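The next block holds one structure in the form of structure tokens; read it before the comments.
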Amino acid sequence: MDKNLHIYNTLSRKKEVFEPINPPLVGMYVCGPTVYSDVHLGNCRTFISFDLIYRYLLHLGYKVRYVRNITDAGHLEGDRDEGDDKFAKKAKLEQLEPMEIVQKYTLGFHDVMNIFNTLSPSIEPTATGHISEQIEMVKEIIANGYAYEKNDTVYFDVEKYNIDFPYGQLTNRKLDDLLEGTRELDGQDEKKGRLDFALWIKAKPETLMQWPSPWGWGFPGWHIECSAMSSKYLGETFDIHGGGMDLQATHHTNEIAQSQACNNTSPVKYWLHTNMLTVNGVRMSKSAGNGFLPEELFTGNHPLLERGYSPMVVRFFMSQSHYRSTLDFSNEALQGAEKGFQKLIKAGETLQTLKAKSESSVNIEELKANCYKAMNDDFNSPILIAHLFEAVRIINLINDGKESINNTDLDNLKSLFNTFVFDVLGLKTDDTNESNDSGLTGDLIDMILNLRLDAKKNKDFATSDKIRDELTSKGVVIKDTKDGFEWEI
RNA sequence: GGUCGCGUGGCCGAGUGGUUAGGCGCCGGUCUGCAAAACCGUGCACGGCGGUUCGAAUCCGUUCGCGACCUCCA
């Protein structure tokens, strides 16, 4: 089954057969969040996408070491390796220690990941926990001649590196083209080249987070942590590196350069990039101010939202698009996803009640093969879901007595459904039956509806309709069943 | 300006040189006192213009529109 997995590699810009370096082991590194503010939905999409990938690799039987870092230092506000650290800035703003900021948003991030039912990574290393590894790496890069020190700050020499290695390979760009898009250095700049970036940055006296180094007190550049931590936990060359597409051009390009310059080997076999979440066609981002917080989506407390949607509906919604496509957010799309999700879950419940016959009129083997085919084609969850809805149709038809299924097929169907809906897509039944009060309301509604049932039995439809209308207008949805009723608020 | 990507039916979103994507919506049917819900079924597409081909929405060219990256962001 596993030799069929194809994944799209950003490095080659095509789909390749997935062959781990040391099967069945798989090393996967994903760039995690910078924990200086709440994660928004766009961030979540990336982590949910990689959760799907992680889950499928596990399902195929690979032993995956999944490393996802927490950036808690070194990430600067500006674009020129100067200015304030994001954490320090936030800390000053909220009058807290930088590590209090880190702690707060790390916990928040974990909460959100749990709510979305993502599996925890095997290792979740932090930048501040790996300062010495980063310093060692910078020393090595200097020793290899690809970095230089200037006034206690260390820069990576991009143009020198490019003589020996293709710096812009990940985005398929030539150095000259890259230089063209860069602004001129002004006279003050310490950098030799316009594309050079900081590996280690000299601290100012007031810098809140700083560490001693061979170049004096300072802090690491943003990119070096990922190079240091990925090679520490996954080795100098590992299988999969992932992250959002926005990281491709700068962060990942620099990461490759650092690792190559330090270890003299290409660090990653397969680069995977997830696409952006958009709102009205425009990328959702912190700086654009069009970000949705998960909480806002769940509660519906947002100007653009008509109402809230449950976490699993959101996860399902995201799974309905491919991870490399942009996904556009709208009320209508969300509502559609909600209906679809409920239909899928309901069919799963119906499936448990089906009775086997001696003959099968349905083809479960083919369905199963189709599901694997979809996932093996670069984790194509939208196609997988299309096939799962074929399963839904089959389940409902059997339930209606229009198709039949034998024991073996029924077991297969159950296992198929379980595997893909819950294990691979990572969906779960929503816990919607949270009791909002002591149950009194429910008892009262039951009582009223029992009175309505009596009216119906007496063919007093005027009364029964009146009760229904009034309850409906108060938000109680009534569904008559054969010999009673169901309701929900 | 440079690099790259996208444009699919009312909405979201897959995919392929000729055969149904799928979900939601709409419409029809079953069920129901009537509804709702549920289930079944049908129709509604491939930005414009050229070209290649027996045949293209799918390949090529061109044009229009949109977006991303090149600057912090998953």
Side-chain angles (χ1 to χ4, degrees), chain A residues 13 30-34 36-37 39-50 75-80 83 86 168 171-174 176-183 195 222 242-251 253 273-278 281-288 291 316-317 319-322 324-344 346-347 350 370 374 377 380-390 392-393 395-397 399-400 402 456 459-461 464-465 468-469 472 477-482 485-488:
Chain A
R13 286 171 300 284
V30 172
C31 287
T34 303
Y36 71 102
S37 66
V39 286
H40 66 244
L41 233 32
N43 302 307
C44 295
R45 187 196 182 193
T46 290
F47 303 127
I48 289 172
S49 293
F50 282 107
H75 205 152
L76 298 181
E77 274 292 314
D79 60 343
R80 309 201 59 194
K86 284 175 191 285
T171 45
N172 194 27
R173 274 179 263 198
K174 300 225 178 340
D176 291 344
D177 298 333
L178 286 168
L179 284 165
E180 226 167 273
T182 322
R183 72 195 82 182
L195 289 169
W222 174 36
M245 267 182 192
D246 51 345
L247 300 180
Q248 185 181 333
T250 306
H251 182 59
T253 290
H273 289 97
T274 56
N275 216 134
M276 302 290 106
L277 201 56
T278 60
V282 180
R283 173 183 169 187
M284 184 182 289
S285 74
K286 282 175 187 167
S287 48
F316 177 77
F317 171 68
S319 309
Q320 274 190 303
S321 75
H322 186 84
R324 281 191 291 113
S325 301
T326 54
L327 171 62
D328 202 54
F329 239 58
S330 70
N331 283 288
E332 233 182 325
L334 247 9
Q335 277 163 25
E338 185 174 72
K339 289 270 189 158
F341 174 69
Q342 286 163 353
K343 185 172 168 178
L344 184 67
K346 194 142 206 168
T350 306
N370 283 338
D377 183 13
N380 200 321
S381 55
I383 298 273
L384 168 65
I385 289 174
H387 291 308
L388 290 175
F389 275 105
E390 172 65 15
V392 169
R393 210 175 57 84
I395 289 165
N396 287 330
L397 283 170
N399 193 42
D400 283 1
K402 290 172 183 161
K456 275 174 67 179
K459 305 257 186 237
D460 180 6
F461 297 123
S464 73
D465 287 355
R468 183 172 64 198
D469 290 347
T472 301
V477 180
I478 294 154
K479 299 172 195 171
D480 286 352
T481 59
K482 264 215 167 66
F485 52 80
E486 289 173 5
W487 60 270
E488 59 188 53

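Chain naming here is simple, since letters A, B, ... match the order of the sequence lines and numbering starts at 1 in each. Keep in mind that this is a model prediction, so the values were computed, not measured.
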Looking only at the side chain of [X] (C-beta and beyond, no hydrogens), which of the listed nucleotides [options] gets closest?
| X | options | value |
| --- | --- | --- |
| A/Thr250 | B/C70, B/G25, B/G22 | B/C70 |
| A/Ala333 | B/C12, B/C40, B/C24 | B/C12 |
| A/Ser464 | B/G23, B/C11, B/G33 | B/G33 |
| A/Asn43 | B/C40, B/G23, B/A74 | B/A74 |
| A/Arg468 | B/A35, B/A14, B/G33 | B/A35 |
| A/Asn380 | B/C11, B/G15, B/G22 | B/G15 |
| A/Ala386 | B/G23, B/C70, B/A21 | B/A21 |

Would you call the rings of A/Phe317 and A/Phe329 parallel, tilted or perpendicular if under 30° counts as parallel and over 60° as perpendicular? perpendicular

Under 4.0 Å, counting only non-hydrogen atoms across every strand here, what does [X] touch: a base, just sugar-phosphate, or nothing?
| X | result |
| --- | --- |
| A/Thr278 | nothing |
| A/Ser285 | base |
| A/Gly242 | nothing |
| A/Arg45 | nothing |
| A/Gly243 | sugar-phosphate |
| A/Leu344 | nothing |
| A/Met276 | base |
| A/Val30 | nothing |
| A/His273 | nothing |

Check whether the aromatic ring of A/Phe461 stacks on the base of B/G33, taking stacking as ring centres less than 5.5 Å apart and planes within 30° of each other.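 Here the ring of A/Phe461 and the base of B/G33 are stacked, with centres under 5.5 Å and planes under 30°.
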
B/G67 base / A/Asn275 side chain donor-acceptor hit below 3.5 Å: no

Note, A/Arg45 side chain near A/Asn275 side chain (heavy atom, < 4.5 Å): yes

Hey, does the side chain of [X] come within less than 4.0 Å of [N]'s phosphate (OP1/OP2), counting only N and O?
| X | N | value |
| --- | --- | --- |
| A/Lys346 | B/A38 | no |
| A/Lys343 | B/C24 | yes |
| A/Thr326 | B/G5 | no |
| A/Ser325 | B/C6 | no |

Across all strands, who's sitting opposite [N] as a Watson-Crick or G-U wobble pair, both distances under 3.5 Å?
| N | value |
| --- | --- |
| B/C26 | none |
| B/A35 | none |
| B/C69 | B/G2 |
| B/G9 | none |

Sorted by chain and number, sequence neighbours left out, side chain to side chain contact (heavy atoms under 4.5 Å, CB included) with A/Glu338 holds for A/Arg307, A/Tyr309, A/Val313, A/Gln342

Got a second to check how far A/Thr278's OG1 is from A/Leu327's CG, nearest 0.5 Å?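 Output value for this atom pair is 6.5 Å.
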
Pairwise 5' ranking along RNA chain B for A/His251 and A/Gly336, keeping only the more 5' one: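 Its nearest nucleotide lies further toward 5', so the answer is A/Gly336.
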
Could you pull out the closest heavy-atom pair between A/Thr274 and A/Ser49, with the gap in Å?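 What the structure gives for the nearest pair is CG2-CB, 3.7 Å.
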
